[in-house]
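Quick notes on the structure that follows.
Only this structure's heavy atoms are used, side chains among them; waters, hydrogens and symmetry mates stay out. Order of the sequence lines sets the chain letters (A, B, ...), proteins ahead of strands, with each chain counted from 1.
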Amino acid sequence: MGFRIEKLRVLRENGQDPYQITTARQTHHAAEIVADFERLENETVSVAGRLLARRGMGKVSFADLLDRSGTIQVFSRLNNLGDDSYAAWQNLDIGDLVEVTGEVFRTKMGEISVRNMEWRLLAKSLRPLPEKFHGLRDTDTRYRKRYLDLIVNPEVRETFIKRSRIISFMREELERRQYLEVETPLLNTIPGGAAARPFVTHHNALDLDLYLRIAPELYLKRLIVGGLERVYEIGRNFRNEGMSNRHNPEFTMLELYEAYGDYHSMMELTEALISGACMEINGTYEIAYQGTSLSLAPPWRRMTMVEAVREYVGIDFDLIETDEEAREAARARGLEDVPARMTWGEALSECFEEFAEQHLIQPTFILDYPIEVSPLAKIKQGTNGRLTERFEIFIYGREHGNAYSELNDPFDQARRFDDQKRRREAGDEEANLPDYDFIEALEVGMPPTGGLGIGIDRVVMLLTDQPSIRDVLLFPTMKPLGE
RNA sequence: GCACCAUUAGCUCAGUUGGCAGAGCAACUGACUCUUAAUCAGUGGGUCCGGGGUUCGAAUCCCCGAUGGUGUACCA
């Protein structure tokens with residue numbers, strides 16, 4: 001680093017402080033020059049970017065210049081630049097940001113290059129970059145210093161470009177379907193719409209504790225009451241829970257609501273969004289995730305939770321009448337934690353999560369969740385009030401989304417909130433909090449509505465074959481390093 | 001939260017039974033007018049994650065701590 005600072009000092013003394021430069025010429029990008037070589041050959045272009053590798057041959061040298069599209073080779077020759085300019089070029093360091101102008105041509109070895117006829121140092125790099133060949137491997141450094149990761153690991157840049165394209169695709173698809181993009185509060189007085197522990201913060205002027213939202217659901221449904229009919233929000237949710245390769249404390253959800261839809265229309269939309277995004281970035285529905293072949297071609301398999309438990313767990317909850325029988329069956333199958341008050345629905349849900357989820361590798365909609373775990377979903381008729389019109393999306397054994405026919409009966413919603421309140425008082429810190437203003441909104445009248453939430457980070461992991469959620473978040477949550 | 005593993009030069013990694021701290025790339029000096037992990041010759045570079053202990057002697061063994069990874073618990 002010392003040598004580089006000294007070089008900068010000399011430049012400044014000679015009135016060539018690169019940090020004073022305010023504009024640069026960049027007529028083309030690296031990938032464009034390679035792709036359009038036939039048309040650009042012998043044309044003069046200006047490229048700008050970071051010097052990555054250099055191969056000096058004495059009076060001739062080669063360098064790789066990285067811009068947002070990729071790398072292009074720069075060919076520099078003493079004859080073209082003159083003594084001073086060539087010497088200064090040779091004095092550059094890997095990592096320096098430069099602008100180069102010259103003709104596009106192909107070298108003797110066939111490499112498409114820019115002939116350096118004129119160049120400027122745009123900014124000095126004072127710290128050495130990680131090694132070009134092995135790249136930066138250490139996950140700690142990669143996540144904490146993502147700028148280095150992006151410079152030296154090209155596939156990382158590709159992943160985040162794909163993430164952006166996936167989200168753009170979903171916006172476009174919802175736009176086509178005449179959805180309105182909205183924004184609702186991140187600072188909540190009642191953290192609702194999900195079962196999760198919130199982060200707490202404080203508003204000084206109001207002397208009021210506020211919660212970072214755990215889901216936008218209750219706000220978005222108020223907008224359905226307000227007549228916007230089709231709304232969506234792509235934004236951050238915050239949940240104060242454990243971290244893993246699938247969980248980050250802040251994560252991105254797509255939530256949407258469609259008046260006059262139900263959970264069946266949400267299935268079709270789910271396929272359009274996820275399969276469509278897959279086709280958009282991969283050009284196929286057939287992908288591999290961590291070595292496992294997956295087919296995202298719609299329509300996806302649909303099965304009820306009762307069917308899934310029957311098939312993968314070997315218990316037929318349709319044949320079980322009482323809570324006691326359900327507990328007995330679950331215990332007999334090996335479910336470990338079976339409290340004495342466990343209900344039929346809880347036993348079904350626990351058996352599913354414990355023994356069935358892991359088998360759902362190919363995309364599968366699991367339908368009809370027990371009412372106890374679905375306080376915001378409409379009752380499915382013909383199930384004695386035990387089940388709701390709800391589904392979750394499982395791919396590679398992981399949940400990727402959740403949808404309901406939204407509960408719009410204010411009396412029923414009030415009873416469900418009361419039930420959640422009892423669970424909370426019984427020690428369940430993650431039970432939903434009652435939101436009486438939301439019930440008032442339902443009293444004004446909410447049309448039958450389908451709602452859907454998709455975990456964007458997990459979809460990006462899936463479609464870009466990344467093993468950890470931290471690989472699809474530019475700045476995943478990290479513990480600070482001690483002093 | 002618990003368990004296991006990792007942490008050595010700017011980066012990627014070796015380091016045997018406890019006995020002089022190593023390599024490649026990067027850097028520095030020089031040679032080289034079509035290279036592409038350029039090549040060739042030479043040089044410098046260390047808080048072995050931090051703290052404590054055992055020992056004549058610790059990168060190596062023990063204890064405590066930090067950060068990361070994996071698994072697990074928790075988790076719409």
Side-chain angles (χ1 to χ4, degrees), chain A residues 1-4 6-7 52-64 71-81 86 91 93-95 105-113 115 125-145 148-149 151-153 193-197 214-215 217 237 239-249 251 253 255 336-337 349 352-353 357 366 369-370 372-377 388 390-394 398-404 428-432 451 453 455 467-468 470 476 478-483:
Chain A
M1 193 170 163
F3 292 100
R4 296 180 179 216
E6 175 58 21
K7 286 180 189 174
L52 271 202
R54 355 188 30 204
R55 295 173 290 280
M57 296 285 301
K59 299 188 178 64
V60 160
S61 73
F62 301 85
D64 294 334
T71 59
I72 184 83
Q73 178 167 273
V74 174
F75 173 78
S76 306
R77 197 160 65 149
L78 180 65
N79 299 11
N80 294 334
L81 289 172
Y86 187 76
N91 198 36
D93 292 297
I94 286 179
F105 77 111
R106 208 189 270 275
T107 63
K108 282 178 189 167
M109 294 303 286
E111 182 83 11
I112 294 170
S113 307
R115 179 175 284 112
S125 173
L126 299 176
R127 291 179 182 271
L129 289 177
E131 195 207 340
K132 58 187 172 184
F133 185 60
H134 294 95
L136 181 63
R137 293 265 175 78
D138 181 64
T139 49
D140 196 24
T141 312
R142 286 186 48 223
Y143 299 148
R144 287 181 201 277
K145 301 187 187 298
L148 294 178
D149 194 27
I151 291 167
V152 301
N153 295 326
R197 289 158 68 184
I214 56 174
E217 170 149 1
N237 288 354
R239 297 186 185 176
N240 205 339
E241 294 166 348
M243 294 164 66
S244 77
N245 67 350
R246 302 173 304 281
H247 299 84
N248 196 68
F251 62 99
M253 280 278 281
E255 271 204 28
E336 286 185 7
D337 185 24
S349 169
F352 172 75
E353 286 180 18
E357 256 184 42
I366 295 296
Y369 277 59
E372 294 93 326
V373 295
S374 312
L376 301 165
T388 59
R390 170 184 180 185
F391 71 78
E392 289 190 340
I393 304 142
F394 290 90
R398 291 178 185 165
E399 188 203 334
H400 285 74
N402 182 25
Y404 331 125
D428 181 357
E429 282 186 82
E430 285 156 5
N432 282 244
S468 171
R470 290 181 287 273
M478 302 291 279
K479 280 196 196 180
L481 295 173
E483 284 306 306

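Residue Glu111(A) places no side-chain atom within donor-acceptor reach of the base of rU35(B), judged by atom type and a 3.5 Å distance cut-off alone.
To the nearest angstrom, P of rG68(B) lies 7 Å from CG of Leu481(A). Between the P atom of rG45(B) and the CZ atom of Phe3(A) lies a distance of 11 Å, rounded to the nearest Å. One atom, NZ of Lys59(A), and another, C1' of rA38(B), lie 17 Å apart when rounded to the nearest Å. One atom, CE of Met57(A), and another, P of rC40(B), lie 13 Å apart when rounded to the nearest Å. Protein atom CG of Asp149(A) is 15 Å distant from nucleotide atom C1' of rG68(B), rounded to whole Å. The CZ-P distance, from Arg4(A) to rA27(B), rounds to 7 Å in whole Å. Remark: P of rC34(B) and CE of Met109(A) are 11 Å apart, rounded to the nearest angstrom. If you measure from atom CZ of Arg115(A) to atom C1' of rU33(B), you get 12 Å, rounded to the nearest angstrom.
Scanning for salt bridge (Lys or Arg N to Asp or Glu O under 4.0 Å) contacts around Glu392(A) gives Arg390(A), with sequence neighbours left out. A search for salt bridge (Lys or Arg N to Asp or Glu O under 4.0 Å) contacts involving Arg246(A) returns nothing, not counting sequence neighbours. In this structure, the salt bridge (Lys or Arg N to Asp or Glu O under 4.0 Å) partners of Arg197(A), at least two apart in sequence or on a different chain, are Glu429(A). Applying the side-chain contact (heavy atoms from CB on, under 4.5 Å) rule to Met109(A) yields the partners Thr107(A); only residues at least two apart in sequence or on another chain are considered. Not counting sequence neighbours, Tyr86(A) has no partner by the ring pair (Phe, Tyr, Trp, His ring centres under 6.0 Å) test. With sequence neighbours excluded, the residues that form a salt bridge (Lys or Arg N to Asp or Glu O under 4.0 Å) with Arg115(A) are Glu103(A).
At the phosphate of rA38(B), OP1 or OP2 sits under 4.0 Å from a side-chain N or O atom of Arg55(A). OP1 or OP2 of rG10(B) has not a single side-chain nitrogen or oxygen of Lys132(A) nearer than 4.0 Å. Within the 4.0 Å cut-off from OP1 or OP2 of rA26(B), not a single side-chain nitrogen or oxygen of Arg54(A) is found.
Residue pairs meeting the salt bridge (charged side-chain N to carboxylate O under 4.0 Å, His left out) criterion with at least one partner in residues 133-144 of chain A, sequence neighbours excluded, are Asp140(A)-Arg144(A), Arg142(A)-Asp149(A), Arg142(A)-Asp471(A).
The residue Arg106(A) sits apart from the nucleic acid: no heavy atom pair falls under 4.0 Å.
Across every strand in view, rU12(B) sits in a pair with rA23(B) that passes the Watson-Crick or G-U test at under 3.5 angstrom. Base pairing annotation: rG18(B) forms no Watson-Crick or G-U wobble pair, as no partner gives both donor-acceptor distances under 3.5 Å. The partner of rC40(B) is rG30(B), by the rule that a Watson-Crick or G-U pair needs both atom distances under 3.5 Å. Base pairing analysis places rA3(B) opposite rU70(B); the two distances defining the Watson-Crick or G-U wobble pair are each below 3.5 Å. In this structure, rG50(B) and rC64(B) make a Watson-Crick or G-U wobble pair, each of the two defining distances being under 3.5 angstrom. Searching all strands for a Watson-Crick or G-U wobble partner of rA76(B) with both distances below 3.5 Å returns nothing. Judged by Watson-Crick or G-U wobble contacts below 3.5 Å, the nucleotide rU55(B) has no partner.
Leu52(A) CG to Ile94(A) CD1: the interatomic distance, rounded to the nearest 0.5 Å, is 8.0 Å. With rounding to the nearest 0.5 Å, the separation of CD1 in Ile214(A) from CZ in Arg239(A) is 6.0 Å. Between Asn80(A) atom CG and Lys59(A) atom NZ the span is 14.5 Å, to the nearest 0.5 Å. Distance check, rounded to the nearest 0.5 Å: CD of Glu217(A) to CG of Asn237(A) gives 10.5 Å.
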query: What string of B, S and - do you get for nucleotides 69-76 of chain B, 5' to 3', when a contact is any protein heavy atom under 4.0 Å?
result: SSS-BBBB

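Only the P atoms considered, rG22(B) is 13 Å distant from rU16(B), to the nearest whole Å.
When distances are taken from the side chain of Ile94(A) to each of rC34(B), rA38(B), rA27(B), the shortest belongs to rA27(B). Residue Asp93(A) has its side chain nearest to rC28(B) when only rC34(B), rG68(B), rC28(B) are considered.
Two residues, Asn79(A) and Gly56(A), neighbour RNA chain B, and the one matched to the more 5' nucleotide by heavy-atom proximity is Asn79(A).
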Tabulate protein N/O versus nucleotide N/O from nucleotides 11-15 of chain B, keeping only pairs under 3.5 Å, one per line.
unit_1	atom_1	unit_2	atom_2	d
rC11(B)	O2'	Glu131(A)	N	3.4
rC11(B)	O2'	Gly135(A)	O	3.0
rC11(B)	O2	Glu131(A)	OE1	3.3
rU12(B)	OP1	Arg137(A)	N	3.0
rU12(B)	OP1	Asp138(A)	N	2.9

